**Student:** 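This is the structure, below, for whatever I ask next.
Predicted model, so just to flag it, every value in this text is computed and none were measured. As a basis for the values below, the full set of heavy atoms in this structure was taken, side chains included, without hydrogen atoms, waters or symmetry mates.
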Amino acid sequence: MTFDRSIKIAPSILAADFANFGAECAAVEAQGADWVHVDVMDGHFVPNITFGPAMCAAIRPHIKGVMDVHLMISPVDPYIEDFAKAGADVITAHVEAGPHIHRTLQAIRASGAKAGVALNPGTPAEAVAHLLDLTDLICVMTVNPGFGGQKFIDMSDKIRTLRAMIGDRPVHIEIDGGVDPKTAPIVAQAGADVLVAGSAVFKGGSVSDPAPYGANIREIRAAAEGVYA
C-alpha cells in the first residue's frame, strides 16, 4: 500500500451475494473499487455475526488490491495474527472493544498489516489523540455498527477535528455507514478519503451483470471529488 489522500471507494461485501464472494470481490474491483472492505462481526461487540479469518483467506486470491478488514469484535488481540495470515492489508479495531487499544495497534503493526482504529458515533475524536503515531487509518462510524443499510449519522465535526489532529501524518480517514452519492460530499468535504459503501455500490447489479457496480462507484466518487480538496 502507498499512501495518498485521493478519494478511495471501498465496497463492503456485507452487501454482496454471500454465496458468491470471490466473484463479487473480483467484479467490484474490475468495476473500479479501490479497496474491498470486510466487516467482521461477532454477535458480542455488535448484534450480528458475519465472517472470520477462514473466509478472508478464501477471498484473498480474488482480491488484487487492498483487503480492508474491520474487526467489530471483542476481544480483538487473540485474532489479529489469524486475520493477518489470512491476507488482510489493513486491520481495524474499535477503541471501545477493549482496555488496551495501544497494545492492539502495536500488535496489528507487528503482524505486518496496517493498523486502523475505529470510533463509534458516541466516541469523541479525542479518544485517539494519543494513538496517531501508531495508526495508519481512523475509521469514523457514521452508523452504530452491527448491520448494513442503516441511515447515515452526520459526523462532520468529528471528521474535521480528526483531520486537524492528524496534520501531516500519513493517516487515512475512513467513513463507514450510510455512504452514498448524497452523503459522500459531506464526509469528503470534512476531510475523509476512504469511503466504505455497501448497498450503495451493490444495488442493481450482480456477478452476471456487474455494470451497475461500476456506475454506482463512479457516482459516489464523482460526488465526493466534487467537493474534496
Side-chain angles (χ1 to χ4, degrees), residues 1 3 5 8 10 12 14 35 37-53 56 66-147 153 155-177 187 190-196:
M1 290 176 59
F3 180 83
R5 288 201 170 96
K8 288 161 283 293
S12 168
L14 192 62
W35 295 8
H37 187 83
V38 184
D39 286 306
V40 176
M41 305 182 190
D42 64 356
H44 169 67
F45 181 67
V46 293
N48 200 359
I49 298 173
T50 56
F51 323 118
C56 290
V66 173
M67 183 163 75
D68 176 31
V69 177
H70 178 188
L71 301 183
M72 288 170 272
I73 67 174
S74 179
V76 176
D77 293 10
Y79 303 98
I80 290 170
E81 194 64 33
D82 288 339
F83 281 102
K85 288 179 179 177
D89 296 293
V90 182
I91 298 176
T92 296
H94 274 255
V95 72
E96 308 89 358
H100 304 298
I101 187 63
H102 190 282
R103 178 185 294 161
T104 298
L105 294 174
Q106 287 178 313
I108 293 171
R109 283 193 160 182
S111 77
K114 297 292 186 182
V117 59
L119 299 171
N120 283 337
T123 302
E126 290 73 18
V128 299
H130 299 289
L131 303 172
L132 295 175
D133 292 325
L134 271 178
T135 301
D136 300 292
L137 176 147
I138 300 171
C139 177
V140 177
M141 296 302 299
T142 44
V143 297
N144 285 294
F147 298 95
I153 302 170
M155 291 282 126
S156 296
D157 288 345
K158 184 188 293 187
I159 298 166
R160 281 190 286 268
T161 299
L162 288 167
R163 179 74 268 154
M165 288 167 58
I166 289 167
D168 61 0
R169 295 178 178 88
V171 178
H172 296 290
I173 297 179
E174 178 176 77
I175 304 303
D176 190 353
V187 296
D193 62 290
V194 182
L195 309 186
V196 176

**Student:** Please enumerate all residues that pass side chain to side chain donor-acceptor pair (under 3.5 Å) together with Arg103, with sequence neighbours excluded.
**Tutor:**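 With neighbours one apart ignored, the set is empty.
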**Student:** On a heavy-atom basis, which atom in Ile80 and which in Ile91 lie closest, and how many Å separate them?
**Tutor:**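 So the minimum-distance heavy-atom pair works out to O-CD1, 3.9 Å.
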**Student:** Quick one: does Arg109's side chain get under 4.5 Å of Asp136's, heavy atoms only?
**Tutor:**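 Touching, per the 4.5 Å side-chain cut-off.
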**Student:** Which heavy atom of Ser74 sits nearest a heavy atom of Asp42, and at what distance?
**Tutor:**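 Distance-wise, the nearest heavy atoms are N-OD2, 2.9 Å.
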**Student:** I need the Thr104 OG1 to Asp77 CG distance, nearest 0.5 Å.
**Tutor:**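 That separation rounds to 3.5 Å.
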**Student:** Are more than 12 heavy atoms from other residues, nucleotides or ligands located less than 6.0 Å from atom NZ of Lys158?
**Tutor:**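 Counting neighbours around NZ of Lys158, more than 12 heavy atoms of other residues, nucleotides or ligands fall under 6.0 Å, so yes.
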**Student:** Val76 versus His94: any side-chain heavy-atom pair under 4.5 Å?
**Tutor:**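 Side chain of Val76 against side chain of His94, heavy atoms only: no contact under 4.5 Å found.
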**Student:** Which distance, rounded to the nearest 0.5 Å, do you find between the CG of Asn144 and the CG of Asn120?
**Tutor:**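 Those atoms lie 6.5 Å apart.
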**Student:** Are side-chain heavy atoms of Leu162 and Leu119 found at a separation under 4.5 Å?
**Tutor:**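 Yes; the side chains approach each other to less than 4.5 Å.
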**Student:** Using the rule given for side chain to side chain contact (heavy atoms under 4.5 Å, CB included), can you reason through Met141 versus Ile153, listing the C-alpha separation, both sets of side-chain angles and the distance that settles it, and then say yes or no?
**Tutor:** CA-CA 8 Å; Met141 296 302 299; Ile153 302 170; over 6 Å; no
**Student:** Are the side chains of Val128 and Thr135 in touch, meaning some heavy atoms are under 4.5 Å apart?
**Tutor:**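 Of all side-chain heavy-atom pairs linking Thr135 with Val128, none is under 4.5 Å.
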**Student:** In the structure I gave you, are the side-chain heavy atoms of Lys114 and Phe3 within less than 4.5 Å of one another anywhere?
**Tutor:**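 Lys114 vs Phe3: side chains apart.
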**Student:** Between His37 and Asp176, is the side-chain hydrogen bond (donor to acceptor under 3.5 Å, both in side chains) condition met? List the steps.
**Tutor:** CA-CA 10 Å; His37 187 83; Asp176 190 353; 3.3 Å; yes
**Student:** By the definition side chain to side chain contact (heavy atoms under 4.5 Å, CB included), identify the one residue from Ile101, Ile108, Leu105 that meets it with Leu134.
**Tutor:**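 Output: one option passes, namely Leu105.
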**Student:** Who pairs with Ser12 by side chain to side chain donor-acceptor pair (under 3.5 Å), at least two apart in sequence or on another chain?
**Tutor:**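 If we apply the side chain to side chain donor-acceptor pair (under 3.5 Å) test to Ser12, skipping adjacent residues, the hits are Asp39.
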**Student:** Locate the shortest heavy-atom distance separating Val69 from Ala88; write the atom from each residue and the value.
**Tutor:**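 What the structure gives for the nearest pair is CG2-CB, 3.5 Å.
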**Student:** Ignoring hydrogens, what is the shortest heavy-atom contact between Thr142 and Gly177? Give both atom names and the distance.
**Tutor:**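 Here Thr142 and Gly177 meet closest at OG1-O, 2.5 Å.
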**Student:** In Å and rounded to the nearest 0.5 Å, what is the CD1 to CE distance from Ile173 to Met155?
**Tutor:**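 So the gap between those two atoms works out to 14.0 Å.
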**Student:** Quick one: are His100 and Gln106 in side-chain contact, heavy atoms under 4.5 Å?
**Tutor:**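 The answer is no, as the side chains (C-beta and beyond) never meet within the 4.5 Å cut-off.
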**Student:** Do the side chains of Asp157 and Arg160 get close enough for a salt bridge, i.e. N-O under 4.0 angstrom?
**Tutor:**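 Answer for the salt bridge query: yes.
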**Student:** Looking at Tyr79, I'd like to know if its OH atom is crowded, meaning that more than 12 non-hydrogen atoms belonging to other residues, nucleotides or ligands lie closer than 6.0 Å.
**Tutor:**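 12 or below, so no.
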**Student:** With side chains defined as the heavy atoms from C-beta onward, is the minimum distance between Met67 and Phe83 less than 4.5 Å?
**Tutor:**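 When only atoms from C-beta onward are counted, Phe83 and Met67 do not touch, as no gap falls below 4.5 Å.
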**Student:** Provide the closest heavy-atom pair for Pro47 versus Pro145 in the form atom of the first, atom of the second, distance.
**Tutor:**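 Result for this residue pair: CD-O, 4.0 Å.
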**Student:** Please determine whether a side-chain nitrogen of the Lys or Arg among Lys8 and Asp193 lies less than 4.0 Å from a carboxylate oxygen of the Asp or Glu.
**Tutor:**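 Yes, this pair counts.
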**Student:** Just to verify, what does Thr123 make a side chain to side chain donor-acceptor pair (under 3.5 Å) with, not counting sequence neighbours?
**Tutor:**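 Checked Thr123 against side chain to side chain donor-acceptor pair (under 3.5 Å); matches are Glu96.
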**Student:** Which one of Leu71, Leu14, Ile73 satisfies the side chain to side chain contact (heavy atoms under 4.5 Å, CB included) criterion with Met41?
**Tutor:**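 The passing option is Leu14.
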**Student:** Using every non-hydrogen atom in the two residues, find where His102 and His130 come nearest and quote the distance to one decimal.
**Tutor:**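 Scanning both residues completely, I find the closest heavy atoms to be CD2-O, 4.3 Å.
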**Student:** Going by heavy atoms in the side chains, are Val90 and Met1 under 4.5 Å from each other?
**Tutor:**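 The answer is yes; the side chains approach within 4.5 Å.
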